[in-house]
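Here is the structure we will look at.
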Amino acid sequence: MSFAERMLKIDRRIIFLIIGLCTLLPLLYPVGLPIRISPEVRSVYDHIEALPADSVLLLSLDFDPASKPELHPQAIALLRHAFRKHLRVVAMTLWVTGTGLADQVISQVAQEMGKENGKDYVFLGWSPGGSSVIINMGQDLYTAFPTDYSGKATKGLAALQGVRNLRDVNYAVSLAAGNPGVEAWYVFGKDKYKFELGGGCTGVMAPGLYPLLRSGQINGLIGGLRGAAEYETLVGQKGRAVAGMDAQSATHVAIVVLVIMCNLFYLSLRKSAKQQGQIGS
Amino acid sequence: MIFLRRQLPLLITLITGSVFAAQYYVPHPASEQLLTSVTKWLQIIGGFALVLGVTSLFHVHAVKIRRKEAGWGYSLVLYAGMLGTIVIGLWAGGKESLNGTMTMFGWVYNYMMVPLQGTMFAILAFFIASAAYRSFRARSREAAVLLVAAVIVMMGRVPLGEYLLPLSGDVSQWILNVLNASVRRAILIGVSLGAVALSFKIIFGVERSYLGGGKE
């Protein structure tokens with residue numbers, strides 16, 4: 001067996017070890033490479049930045065613990081920005097398995113920023129029905145969510161003053177790890193009830209949402225950990241996403257190097273097979 | 001019986017499908033009120049669907065345990081996990097925390113579900129790297145184009161990649177914004193046209209597989 005053949009059949013545990021080290025070492029010894037801000041992330045930031053105080057930001061945290069590493073930092077950065085701008089935040093989730101995470105993230109950031117539940121923000125929780133919850137909220141928010149997550153009646157809450165349905169929302173952002181998520185918020189929400197919509201998603205989902213971005217169906221997109229790191233940089237409060245970018249950088253480069261190596265071995269094998277064929281004939 | 005099993009569902013589908021397709025274009029308050037009521041029904045049906053799903057899951061795994069089929073031990077673990085979580089969840093009133101104190105349900109969520117789901121997703125990185133090494137090869141021209149595009153996007157999406165290949169950031173943005181968006185849009189249009197055609201077939205009773213394949 002030639003060297004190239006042996007390298008192509010390398011024990012996968014060696015690859016696992018390389019990826020493990022590429023993840024662990026940058027987390028232990030961060031480099032802090034500069035992060036360039038993409039136009040799609042800046043659009044979300046600029047839109048929130050332009051909203052006057054007391055405007056209503058609807059934040060739909062449509063993800064579960066599997067996507068926590070990418071979407072949790074996005075949620076934290078967005079909430080910090082919204083609370084700093086004194087916006088009223090209406091948070092909710094379309095994913096039942098994400099209810100606990102959503103509650104934790106909003107409570108944690110609200111406490112950090114000194115915001116009061118019911119007055120400065122409200123967490124509506126989860127309601128069954130998936131995409132139909134969006135239509136129901138578009139018709140009447142109080143029939144979709146008669147009470148908030150803590151059981152308080154939503155009617156009369158200061159955070160929801162002047163909000164009857166989705167038409168009264170100034171800006172909505174869905175941080176989604178799948179369906180129902182950003183697409184559902186556009187199809188069943190923005191298209192009918194005419195509010196501005198931004199999106200956040202996992203890295204693997206981002207390419208699928210670019211058609212919505214290019215056509216203006218969403219005004220901005222925060223994609224994966226990179227998007228979260230960009231938003232943290234814009235907000236000026238670096239957190240887990242910026243810390244994770246070094247690890248992601250190292251693993252991406254490691255995978256690229258591995259792929260290039262495997263192709264070099266593959267091409268050298270193919271070349272030698274061709275040469276042997278010519279000698280044989 | 002044929003009327004109840006076939007004709008009545010087809011009639012309901014025809015009427016509701018036609019009415020709600022038209023409703024989108026009618027902004028009259030009565031039409032909006034109709035939509036409000038029906039979406040509320042949908043939410044209620046969604047709640048029942050959840051109960052139905054859980055019951056069905058219990059039934060499937062009960063059969064596996066009774067017949068001692070291969071992997072029946074995992075079904076036992078599922079039973080224990082689901083029943084335990086349901087009991088604890090009901091006890092805690094479905095709340096992860098009460099007045100800032102974590103409930104037992106919150107403990108199960110934070111210390112079991114969150115790490116388990118996180119671990120499952122994290123493992124993907126290792127398998128993707130291994131799979132990419134083994135199968136991402138330039139066997140043809142098309143595969144070579146895909147390979148080059150993937151390398152550029154992977155480098156352009158991380159700061160170290162942009163540092164090593166300064167142009168990769170702009171090129172990956174172009175790939176995502178132009179090539180990727182246009183191809184995705186074409187796929188979306190195709191899928192949407194297919195969905196419209198399928199909806200018409202269901203509304204007009206041409207496609208009936210959703211009724212099940214029972215005897216008439």
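Hydrogens, waters and symmetry mates are skipped; everything else that's a heavy atom, side chains included, is used. So that the names make sense, note that chain A is the first sequence line, chain B the second, and so on, each numbered from 1.
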Next item on the list: Examine whether an atom of Asp11(A) lies under 4.5 Å from a heavy atom of chain B, and if so say whether it belongs to the side chain, the backbone or both; otherwise answer neither.
Entry: backbone
Next item on the list: Identify which part of Tyr149(A) has an atom lying under 4.5 Å from any heavy atom of chain B, answering side chain, backbone, both or neither.
Entry: both
Checklist line | Chi angles and distances behind the side chain to side chain contact (heavy atoms under 4.5 Å, CB included) call for Leu221(A), Val41(A) | finding: CA-CA 6 Å; Leu221(A) 181 68; Val41(A) 175; over 6 Å; no
Next item on the list: Please flag which part of Ile10(A) lies under 4.5 Å from any non-hydrogen atom of chain B: side chain, backbone, both or neither.
Entry: both
Notebook entry, point to check: Among Thr251(A), Val133(A), Asp64(A), Asp140(A), which has the most heavy-atom pairs under 4.5 Å with chain B?
Noted result: Asp64(A)
Checklist line | Interface moiety of Met7(A) toward chain B, non-hydrogen atoms closer than 4.5 Å | finding: both
Notebook entry, point to check: So which of Thr99(A), Ile14(A), Ile260(A), Leu101(A) has the biggest tally of heavy-atom pairs under 4.5 Å with chain B?
Noted result: Leu101(A)
Notebook entry, point to check: Is it the case that Gln173(B) and Ser38(A) place a side-chain donor and acceptor less than 3.5 Å from each other?
Noted result: no
Item checked: Which atoms of Asp103(A) approach chain B - backbone, side chain, both or neither, heavy atom under 4.5 Å -> side chain
Margin query: Need one label for Glu40(A): side chain, backbone, both or neither, based on atoms under 4.5 Å from any heavy atom in chain B.
Written below: side chain
Check: Measuring heavy-atom distances to chain B, does Ile19(A) have an atom under 4.5 Å in its side chain, in its backbone, in both, or in neither?
Finding: both
Note to self: Which atoms of Ala254(A) are under 4.5 Å from chain B, going by heavy atoms: the side chain, the backbone, both sets, or neither?
What the structure shows: neither
Item checked: Approximate separation, where rounding is to 0.5 Å, of Cys262(A) SG and Leu267(A) CG -> 9.0 Å
Item checked: Region of Met154(B) in contact with chain A, defined by heavy-atom distances below 4.5 Å -> both
Item checked: Interchain contact, Pro207(A) with chain B, by part (heavy-atom threshold 4.5 Å) -> both
Note to self: Looking at Tyr24(B), I'd like to know if the NZ or CZ of Lys192(A) sits under 6.0 Å from its six-membered ring centre while staying within 45 degrees of the ring's axis.
What the structure shows: yes
Next item on the list: For each of Ser150(A), Ala144(A), Ser215(A), Gly208(A), tally heavy-atom pairs with chain B at distances under 4.5 Å, and name the one with the top tally.
Entry: Gly208(A)
Check: Are the side chains of Thr93(A) and Phe63(A) in touch, meaning some heavy atoms are under 4.5 Å apart?
Finding: no
Item checked: Tyr163(B) side chain to Ser249(A) side chain, donor-acceptor N/O pair below 3.5 angstrom -> no
Checklist line | Contacting region of Tyr266(A) [heavy-atom separation from chain B under 4.5 Å] | finding: side chain
